[in-house]
Student: 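Here's a structure for you.
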Amino acid sequence: MRDLKWTRKTTRKVARHLRRLDIRVSASTVGRLLKAMGFSLRVNHKNLESGNRNPPPRRVRNRQFHYINRSRQQFASQGKPIISVDAKKKEKVGNYKNPGVSWQQEAYRVNDHDFLTDAVGMAVSYGIYDTEANKGFVAVGTSHETPAFAVHSTVCWWKKWGRRMYPHEDELLILADCGGGNSARARAWKYHLQHQLCDPYGLTITVCHYPPGASKWNPIEHALFSQISTNWAGTPLESYQTVLNYIRTTKTETGLQVKAHLVRKNYDKGEKISDSKMAELMLIPHKTLPGWNYTLAPSRM
């Protein structure tokens, strides 16, 4: 294979190669001809799911989407809480360039390199979005996104907001992706839900996972995370307090309200849950796609 395939083909370079073939054209003419052939300058589009080597068949995806829709309708009709959960993209905390623009008299002066060694730390944000109440809660961690951190964040939401809004409810529907700290395969996710949320608060928790490659349909992505990113666009996230302030002041015309909480506890990766511990869980797989849909009931005391 010739190396020319891997070089940047500017209109000036194309015109130069054509002149070697006795075709006399200018770079602007090459640009006009390329546009006529359907070519234009384009940016990369981030719309492929990373790591998704074996996506489920379309019929399986559709079945899961219908099941999630029915579950949401059932819980909503009974006034029971429905939350969408996920981790937001990690952010470097420090004087770094933040994509986007903001109204300022002068541009922010930020570091010319994004070296991690210059950072105050990493902001690991795990969000909980109440789909019916249009309220969001974000736990900002300082270590790693793990199942224990994901569950701890959900517990914080229930203690600070959930049980006040739903004082008489004992059931909760969680909508989650198939990967990350709340992965459908993560034993620790189910284990900590049982011991940190189900048992202490007497909650029966139903979890429905969106299929691999379908995380963009999780309500929290467009209802909460995109609004936060818009709110702090173009502003350096210089400190954890800055991160918290921008999350807390995120609002929309539809009445979105957001709370934020800083979690400084360190969470280690690679937690293992034994078969014996899993056998003790009050885990009830659903008949429909049990790997993605299950219920955890409080342990009998």
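Start at 1 with the first residue, then count along the sequence.
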Student: Looking at Pro212 and Trp292, what are the two nearest heavy atoms and their distance?
Tutor: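 Closest approach of Pro212 to Trp292, heavy atoms only: CD-CZ2, 3.4 Å.
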Student: Quick one, Gln227 and Leu224 - any side-chain contact, counting heavy atoms below 4.5 Å?
Tutor: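 Counting from C-beta outward, Gln227 and Leu224 never come under 4.5 Å.
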Student: Does the side chain of Asp177 come under 3.5 Å of the side chain of Ser215 through a donor N or O and an acceptor N or O?
Tutor: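 Short answer, no.
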Student: A side-chain contact here means heavy atoms from C-beta on lying under 4.5 Å apart; do Arg72 and Pro219 qualify?
Tutor: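 Arg72 vs Pro219: side chains touch.
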Student: Okay, side chain of Ser77, backbone of Gln74: is any donor-acceptor separation there less than 3.5 Å?
Tutor: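 Between the backbone of Gln74 and the side chain of Ser77 there is a qualifying donor-acceptor contact (under 3.5 Å).
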Student: Check step by step if side chain to side chain donor-acceptor pair (under 3.5 Å) holds for Thr288 and Asn293.
Tutor: CA-CA 7 Å; Thr288 301; Asn293 306 294; over 6 Å; no
Student: Going from CG on Asn98 to CH2 on Trp232, what distance comes out if it is rounded to the nearest 0.5 angstrom?
Tutor: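 If I round to the nearest 0.5 Å, the distance is 7.5 Å.
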Student: Report whether Val258 and Leu244 are members of the same hydrophobic cluster (ILVMFWY, side-chain heavy atoms less than 4.5 Å apart, transitive linking).
Tutor: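 Hydrophobic grouping puts Val258 with Leu244.
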Student: Quick one: do Phe65 and Leu173 end up in the same hydrophobic cluster if we chain Ile, Leu, Val, Met, Phe, Trp and Tyr together by side-chain heavy atoms under 4.5 Å apart?
Tutor: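 As far as the 4.5 Å side-chain criterion goes, Leu173 and Phe65 are connected within one cluster.
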Student: Does the Arg12 side chain pair with the main chain of Ala27, one donor and one acceptor, at a distance under 3.5 Å?
Tutor: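 Such a contact is absent between Arg12 side chain and Ala27 backbone.
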Student: Are the side chain of Gln64 and the backbone N or O of His209 linked by a donor-acceptor pair below 3.5 Å?
Tutor: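 Checking the backbone N and O of His209 against the side chain of Gln64, a donor-acceptor pair under 3.5 Å is found.
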Student: Please assess Phe75 against Thr206 for the test side-chain contact (heavy atoms from CB on, under 4.5 Å), listing each intermediate value before the final yes or no.
Tutor: CA-CA 10 Å; Phe75 272 73; Thr206 296; 4.0 Å; yes
Student: Donor-acceptor pair, Asn95 side chain versus Arg109 backbone, under 3.5 Å?
Tutor: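 It does hold such a pair.
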Student: Does NE2 in His222 sit with more than 12 non-hydrogen atoms of other residues, nucleotides or ligands closer than 6.0 Å?
Tutor: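 Enclosed: over 12 neighbouring heavy atoms sit under 6.0 Å from NE2 of His222.
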Student: Using every non-hydrogen atom in the two residues, find where Leu281 and His195 come nearest and quote the distance to one decimal.
Tutor: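 Minimum heavy-atom separation between Leu281 and His195: CD2-NE2, 4.0 Å.
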Student: Can you see which heavy atom on Val155 is nearest to which on Gln196, and at what distance?
Tutor: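 Scanning both residues, the minimum pair turns out to be CG2-O, 3.6 Å.
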Student: Taking Tyr96 for its side chain and Ala119 for its backbone only, find out whether a donor-acceptor pair lies under 3.5 Å.
Tutor: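 Yes: the side chain of Tyr96 pairs with the backbone of Ala119.
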Student: Taking atom CG as the centre, does Leu41 end up with more than 12 heavy-atom neighbours from other residues, nucleotides or ligands that are less than 6.0 angstrom away?
Tutor: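 No, not enclosed.
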Student: Should Thr146 and Glu271 count as side-chain neighbours, where that means a heavy-atom distance under 4.5 Å?
Tutor: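 No - every pair of side-chain heavy atoms lies 4.5 Å or more apart.
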Student: For Ser84 and Asn218, run side chain to side chain donor-acceptor pair (under 3.5 Å): C-alpha distance rounded to whole Å, both residues' side-chain angles, the deciding distance at 0.1 Å, then the answer.
Tutor: CA-CA 7 Å; Ser84 169; Asn218 197 349; 2.3 Å; yes
Student: Is there a donor-acceptor pair under 3.5 Å between the side chain of Asp86 and the backbone N or O of Gly127?
Tutor: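 No.
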Student: Between Tyr240 (side chain) and Met122 (backbone), is there a donor-acceptor pair under 3.5 Å?
Tutor: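 Confirmed, Tyr240 side chain pairs with Met122 backbone.
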Student: Heavy atoms only: give me the nearest Lys265-Ser143 pair and the separation to one decimal.
Tutor: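 Minimum heavy-atom separation between Lys265 and Ser143: O-OG, 3.5 Å.
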Student: Is Gln194 reaching over with its side chain to a backbone N or O of Met282, donor-acceptor style, under 3.5 angstrom?
Tutor: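 Yes, because the side chain of Gln194 sits within donor-acceptor range (under 3.5 Å) of the backbone of Met282.
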Student: Test side-chain contact (heavy atoms from CB on, under 4.5 Å) on Val207 and Asn182; report intermediate values, then the result.
Tutor: CA-CA 10 Å; Val207 183; Asn182 48 237; over 6 Å; no
Student: Could you tell me if the side chain of Lys251 sits less than 4.5 Å from the side chain of Gln257, heavy atoms only?
Tutor: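 No, their side chains stay 4.5 Å or more apart.
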Student: Nearest 0.5 angstrom please: Ile247 CD1 to Ser229 OG, how far?
Tutor: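 Here the rounded value is 9.5 Å.
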Student: I'd like to know if Val93 and Leu262 are part of one continuous hydrophobic network [Ile/Leu/Val/Met/Phe/Trp/Tyr, side-chain heavy atoms within less than 4.5 Å].
Tutor: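 Yes, one cluster joins them.
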Student: Starting from the C-alpha separation in whole Å, work towards a yes-or-no answer on side-chain contact (heavy atoms from CB on, under 4.5 Å) for Arg70 and His66.
Tutor: CA-CA 6 Å; Arg70 290 196 302 271; His66 283 297; 3.8 Å; yes
Student: Asn134 side chain to Thr131 main-chain N or O, any donor-acceptor pair under 3.5 Å?
Tutor: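 Checked: no pair found.
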Student: Go through the steps to decide whether Arg248 and Asn245 satisfy the test side-chain contact (heavy atoms from CB on, under 4.5 Å), and finish with yes or no.
Tutor: CA-CA 5 Å; Arg248 290 166 178 162; Asn245 289 343; 4.2 Å; yes
Student: Output the distance between atom CD (Glu132) and atom OH (Tyr166), rounded to the nearest 0.5 Å.
Tutor: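 Spacing of CD (Glu132) from OH (Tyr166) equals 7.0 Å.
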Student: What distance separates Leu296 CG from Tyr191 OH, expressed to the nearest 0.5 Å?
Tutor: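 Leu296 atom CG to Tyr191 atom OH measures 12.5 Å (nearest 0.5 Å).
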Student: Please tell me if the side chains of Leu256 and Tyr129 come closer than 4.5 Å, counting only heavy atoms from C-beta onward.
Tutor: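 Leu256 vs Tyr129: side chains touch.
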Student: Within 45° of the axis and under 6.0 Å from the centre of the six-membered ring of Phe137, does NZ or CZ of Lys160 qualify?
Tutor: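 Here Lys160 fails the 6.0 Å and 45° test against Phe137.
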Student: Any chance you could measure Leu18, atom CG, to Arg24, atom CZ, to the nearest 0.5 Å?
Tutor: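 The CZ atom of Arg24 is 10.5 Å from CG of Leu18, to the nearest 0.5 Å.
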Student: Which heavy-atom pair separates Ser125 from Val138 by the least distance, and what is that distance?
Tutor: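 For Ser125 versus Val138, the nearest heavy atoms are CB-CG1, 3.7 Å.
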Student: When you compare the side chain of Tyr67 with that of Leu289, does any pair of heavy atoms fall below 4.5 Å?
Tutor: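 They are not in side-chain contact.
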Student: Quick one: does Lys190's side chain get under 4.5 Å of Ile273's, heavy atoms only?
Tutor: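 Not in contact.
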Student: Determine yes or no for a side-chain-to-main-chain donor-acceptor pair under 3.5 angstrom, with Glu169 supplying the side chain and Lys80 the backbone.
Tutor: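 Checked: no pair found.
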Student: Quick one: does Val120's side chain get under 4.5 Å of Ser239's, heavy atoms only?
Tutor: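 No, side chains not in contact.
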Student: Could you report the tightest heavy-atom contact between Asp114 and Lys92, atom names first, then the distance?
Tutor: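 Heavy atoms only, the tightest pair is O-CE, 3.5 Å.
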Student: Find the distance between OH (Tyr294) and CD1 (Ile205) and round it off to the nearest 0.5 Å.
Tutor: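 The CD1 atom of Ile205 is 9.5 Å from OH of Tyr294, to the nearest 0.5 Å.
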Student: Check for me, please, whether Met278 and Leu197 land in the same ILVMFWY cluster - side-chain distances under 4.5 Å, paths through other members count.
Tutor: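 In one cluster with Met278: Leu197, yes.
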Student: Do the side chains of Ile82 and Tyr210 join up, straight or via other hydrophobic residues, at under 4.5 Å, putting them in one cluster?
Tutor: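 Same cluster: Ile82 reaches Tyr210 through Ile, Leu, Val, Met, Phe, Trp or Tyr contacts under 4.5 Å.
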